[in-house]
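Please read the structure below before turning to the comments.
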Amino acid sequence: MHLRSLSLDNFRCYERARFELPPGLNVILGPNASGKTTLLEAIYLLATTTSPRTSTAGAMIRHGSTSARVTGVFERDGHEVTIRVTLGDPSGGRSSAKTIEVDGREVAGAREIIGRVQAVLFWVGELQVVKGSPGDRRRFLNAAIGQMSARYLDDLARYRRALRQRNEVLRALARGGSDGRLLAPWTHALVEAGGPITVDRAGLVEALAAEAAPLHSRLGAGAEELVVRYAPSVPLDADADVADAFYTRLEATHRREVERGSTQVGPHRDDIQLTIDGVDVRRFGSQGQQRTAALALKLAQARIAGARTATEPILLLDDCLSELDADRGAAMLDLSADREQMIVTSACCPGHLGQRLADAHVIDTTGHAAALGGCDGDAG
Ligand SMILES: Nc1ncnc2c1ncn2[C@@H]1O[C@H](COP(=O)(O)OP(=O)(O)O)[C@@H](O)[C@H]1O
Ligand SMILES: [Mg+2]
């Protein structure tokens with residue numbers, strides 16, 4: 001699948017702009033603050049209905065405007081699909097409003113886009129997968145699986161609701177003001193939604209582990225071995241039912257959960273372990289090792305998404321070239337050879353990547369900034 005055209009109206013620094021994109025490698029070139037990341041953000045917004053940079057729709061509306069609009073025409077197996085996201089309200093109403101249309105028909109949310117359009121983005125925030133907290137890694141898992149499975153999104157919503165309600169009862173119990181029997185239905189709901197979440201995550205991490213290790217070597221890490229392992233809060237045992245294991249763990253921690261007024265085990269406590277040659281990348285990895293590991297995970301995610309959904313994701317890579325040395329940068333661009341479309345940003349045109357970039361389609365954000373009254377900041 002690939003993006004054919006992208007139109008922006010009052011989206012961040014773009015007043016009005018339209019880009020045509022061929023399949024294959026596209027390079028967005030321009031100086032700092034010229035709107036490169038903004039273009040990837042817009043594409044990601046179309047593919048997922050969310051921004052990687054902000055959870056506030058209003059932040060993406062161009063200063064001084066009341067609404068913004070992003071429209072993308074995607075092509076998959078000869079079929080066209082148009083997705084449009086409108087942020088804010090042209091008549092000056094709520095700036096937090098967000099409307100999503102697929103082929104001109106308004107849809108309720110991200111579920112409607114699953115299986116139609118897919119993008120995988122690597123940007124600086126992605127380093128949190130490696131460097132950040134267990135919560136950052138769970139967010140990665142949720143985004144990765146949620147993009148492939150509407151059922152997972154439903155399970156996640158049901159799990160969160162059950163967890164909230166269950167914790168409320170636990171807090172009441174901790175104060176001595178409730179009946180223990182009130183817990184049972186929420187325990188049941190928690191296990192019912194949480195079991196499949198654990199199984200889905202185990203499956204994804206296993207696939208990630210297999211894909212990421214060779215990608216990691218191709219990105220120049222050479223002999224260093226990246227090992228990705230799921231660290232579930234509820235242990236998964238091939239012989240035992242995940243629901244049984246979950247109930248057992250809940251029983252074992254019941255005293256503590258009443259004491260603390262919160263559920264102590266379950267997918268909300270999961271993590272992923274990342275090691276390079278046996279050493280924890282999060283705590284001991286160098287900056288470069290962390291970056292390469294995060295990039296390998298992201299590229300692995302894209303492959304898995306493509307294989308599982310028959311919708312090959314568009315690969316969006318923000319600011320990767322400048323920080324990789326010549327060999328790694330070339331290796332990364334070579335990965336585009338087996339992708340339908342890859343869109344990368346760069347502040348300079350690294351000479352050592354010569355032919356690879358010469359063959360790419362270039363989108364120059366400098367030109368657009370000038371022609372369109374420009375982005376603020378230090379562009380130009
Ligand atoms: N809501 C907004 N309205 C207008 N300009 C914005 C808005 N949000 C961000 N910008 C500006 O957009 C510019 C481009 O940002 P960005 O896409 O991150 O640039 P690049 O990736 O090329 O460095 C920045 O100068 C920033 O100040
Ligand atoms: Mg940028």
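Only this structure's heavy atoms are used, side chains among them; waters, hydrogens and symmetry mates stay out. For ligands, and for the atoms within them, numbers begin at 1 and follow the listed sequence.
Coordination check, Thr37 versus the Mg ion (ligand 2): passed, since an N/O/S atom of the residue sits under 2.8 Å.
Heavy-atom contacts of Ala59 reach the following atoms of ligand 1: 1 (N) (cutoff under 4.0 Å). The ligand atoms of ligand 1 that sit less than 4.0 angstrom from a heavy atom of Lys36 are 17 (O), 19 (O), 20 (P), 21 (O), 22 (O), 23 (O). Heavy-atom contacts of Asn32 reach the following atoms of ligand 1: 23 (O) (cutoff under 4.0 Å).
Residue Arg53 has at least one nitrogen or oxygen atom sitting less than 3.5 Å from a nitrogen or oxygen atom of ligand 1, judged on distance alone. Checked against a 3.5 angstrom limit, the closest N/O atoms of His63 and ligand 1 fall inside it. Between Met60 and ligand 1, no pair of N/O atoms sits closer than 3.5 Å.
Note on Arg16 versus Asp9: salt bridge recorded, some NZ/NE/NH1/NH2 to OD/OE distance being below 4.0 Å.
Neither the backbone nor the side chain of Ala347 comes within 4.0 Å of ligand 1, counting heavy atoms alone. Only the backbone of Ile61 comes within 4.0 Å of ligand 1, counting heavy atoms alone; no side-chain atom from C-beta on gets that close.
With Arg339 contributing its side chain and Gly24 its backbone, the two residues share no donor-acceptor pair below 3.5 Å. A donor-acceptor pair is defined here as one N or O able to donate and one able to accept, closer than 3.5 Å; no such pair exists between the side chain of Tyr44 and the backbone of Ala119. With hydrogens and angles ignored, the 3.5 Å screen pairs no side-chain donor or acceptor of Glu340 with any backbone N or O of Ile314. Using modelled atom types, no side-chain atom of Asp318 and backbone atom of Val124 make a donor-acceptor pair closer than 3.5 Å. The main-chain N or O of Asp277 is never found under 3.5 Å from a side-chain atom of Thr275 such that the two would form a donor-acceptor pair. With hydrogens and angles disregarded, a donor-acceptor distance shorter than 3.5 Å links the side chain of Ser51 to the backbone of Arg53.
Nearest-residue assignment for atom 17 (O) of ligand 1 (options Asp319, Asn10, Thr38; heavy-atom criterion): Thr38.
For Gly30, the closest heavy-atom approach to ligand 1 does not fall below 4.0 Å. Within the structure, the closest approach of Pro31 to ligand 1 falls below 4.0 Å when heavy atoms are considered. Taking a 4.0 Å cut-off on heavy atoms, Glu15 fails to register as neighbouring ligand 1.
By the 4.5 Å heavy-atom criterion applied to side chains, Arg12 and Glu41 are counted as neighbours.
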